[in-house]
Amino acid sequence: MGGTESERIPPAPDAGFLLADKPAGVTSHTVVAAARREHGMRAGHAGTLDPFATGLLVILLGRATRLQRYILGLPKTYMATARLGWTSTTGDPEGELTHTGNLPEKLELPTGVITQTVPLTSAVRVDGERLYKKAHRGEEAELPRREVEIYRAELLEHEAGSDRASFEIECAAGTYIRTLVEELGDAYCEGLRRTRVGHLALNDRNGVLPVEELLAHLPTRELTGPEAEDVVCGRVVDSAASELEGEPLGLMLGERLLAVARPRGGSLKTDVVLA
């Protein structure tokens, strides 16, 4: 068989990702649909944002849509603006607003592991249906509760007597910032901007980025040429003793990501093959 090892591996299909800055007033679905039309390939996101929220929306293109599972659970960082002395039926500007004038005595958000009640306006499924659909029909539902972790919640700006305060919040995936802001008392989340998803940051980088950057947080395994051919052809490759059982790792040929696999029972079991 002629050619170098890398030349004998078929090229990866179109795959990459975008660091989109979602504007307020549109859905994540709308932004993803626009990316799908512009780039002419299937697209998906790695964590939605509410319509009123802005900021980082990680859009996966082509075969990279199969890598969503490795991004969804990453920590998130937000800039949140709380409006104080007001309440909202949804915890955000889209609900029914009531002015109470009761300003919180302390502007401290909880940190550590806390339990949140899932909002009725969320996309969580209860009895096979998303909660927000029940909310739109005016129905009530038993709202699930779940534990989340707040790593950091810093007060950034607040002037004495002002009815607005801004925070930077770093939290685990699945945290509802609207619900967290309501912990202040009479307050709702007036503005929300996501700035980071794990190692991915909102910045001025435009265009399609390579999947190797998307999964830069995963440990990697450098394959030999024969091992790389085995992986892309679906043949078993032995795992190393140092590789953690069941934990994902990127399989590399040089600087190229060929697949994601998990060591199981002495072998590498592939989750996704990109080549």
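The side-chain heavy atoms of M252 and L257, taken from C-beta on, include a pair separated by under 4.5 Å. Residues T87 and L97 are not in side-chain contact: their nearest non-hydrogen atoms beyond the backbone lie 4.5 Å or more apart. Contact annotation: the side chain of L18 approaches that of H39 to within less than 4.5 Å [non-hydrogen atoms, C-beta and beyond]. Counting heavy atoms from C-beta on, the side chains of I59 and F17 never come closer than 4.5 Å.
When atom types are taken as modelled, the side chain of D50 and the backbone of F52 share no donor-acceptor pair closer than 3.5 angstrom. With R42 contributing its side chain and G62 its backbone, the two residues share a donor-acceptor pair below 3.5 Å. The backbone N or O of V148 lies less than 3.5 Å from no partner atom in the side chain of Q116, so there is not a single donor-acceptor pair. Between the side chain of E170 and the backbone N or O of P75 there is no donor-acceptor pair closer than 3.5 Å. In this structure, the side chain of H45 does not engage the main chain of Q68 through any donor-acceptor pair within 3.5 Å. Formation of a donor-acceptor pair under 3.5 Å by the R63 side chain with backbone atoms of V273 is found in this model. Here the side chain of E227 pairs a donor or acceptor atom with the backbone of T224 at under 3.5 angstrom. Here the side chain of E157 pairs no donor or acceptor atom with the backbone of S166 at under 3.5 angstrom. Looking only at distances, a side-chain donor or acceptor of K22 sits under 3.5 Å from a matching main-chain atom of A53. Of the possible donor and acceptor atoms, none in the side chain of T65 sits under 3.5 Å from a partner among the backbone N and O of L60.
No hydrogens or angles considered: a donor-acceptor pair under 3.5 Å links the side chains of D186 and T100. With 3.5 Å as the limit, one finds no donor-acceptor pair spanning the side chains of T115 and R145.
Across all their heavy atoms, V208 and G16 have their closest contact at CG1-CA, 3.8 Å. Considering all non-hydrogen atoms of both residues, L215 and V260 come closest at CD1-CG2, 3.6 Å. In terms of heavy-atom proximity, L72 sits nearest to G47 at CD2-N, 3.6 Å. Considering all non-hydrogen atoms of both residues, R66 and V272 come closest at O-CG2, 3.7 Å. In terms of heavy atoms, V181 sits closest to A187 at O-CB, 4.0 Å. The two residues G246 and R264 come nearest to each other via the heavy atoms CA-NH1, 4.0 Å.
Rounded to the nearest 0.5 Å, atoms CG (L180) and CD1 (I169) are 5.0 Å apart. The distance from atom CZ of R235 to atom CG of D230, rounded to the nearest 0.5 Å, is 4.5 Å. Rounding to the nearest 0.5 Å places OG1 of T90 at 6.5 Å from CZ of R178.
E154 and R152 are joined by a salt bridge, as a carboxylate oxygen and a charged side-chain nitrogen come within less than 4.0 angstrom of each other. Ionic pairing of D21 and R193 is present here: one or more N-O contacts between side-chain nitrogen and carboxylate oxygen are shorter than 4.0 angstrom.
Dense packing is recorded around NE2 of H199, with more than 12 heavy atoms of other residues, nucleotides or ligands lying under 6.0 Å away.
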Can you list the steps and then say if Y70 with L214 is a side chain to side chain contact (heavy atoms under 4.5 Å, CB included)?
-> CA-CA 9 Å; Y70 309 110; L214 181 70; over 6 Å; no
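Taking hydrophobic clusters as Ile, Leu, Val, Met, Phe, Trp and Tyr residues chained together by side-chain heavy-atom distances below 4.5 Å, L156 does not share a cluster with L109.
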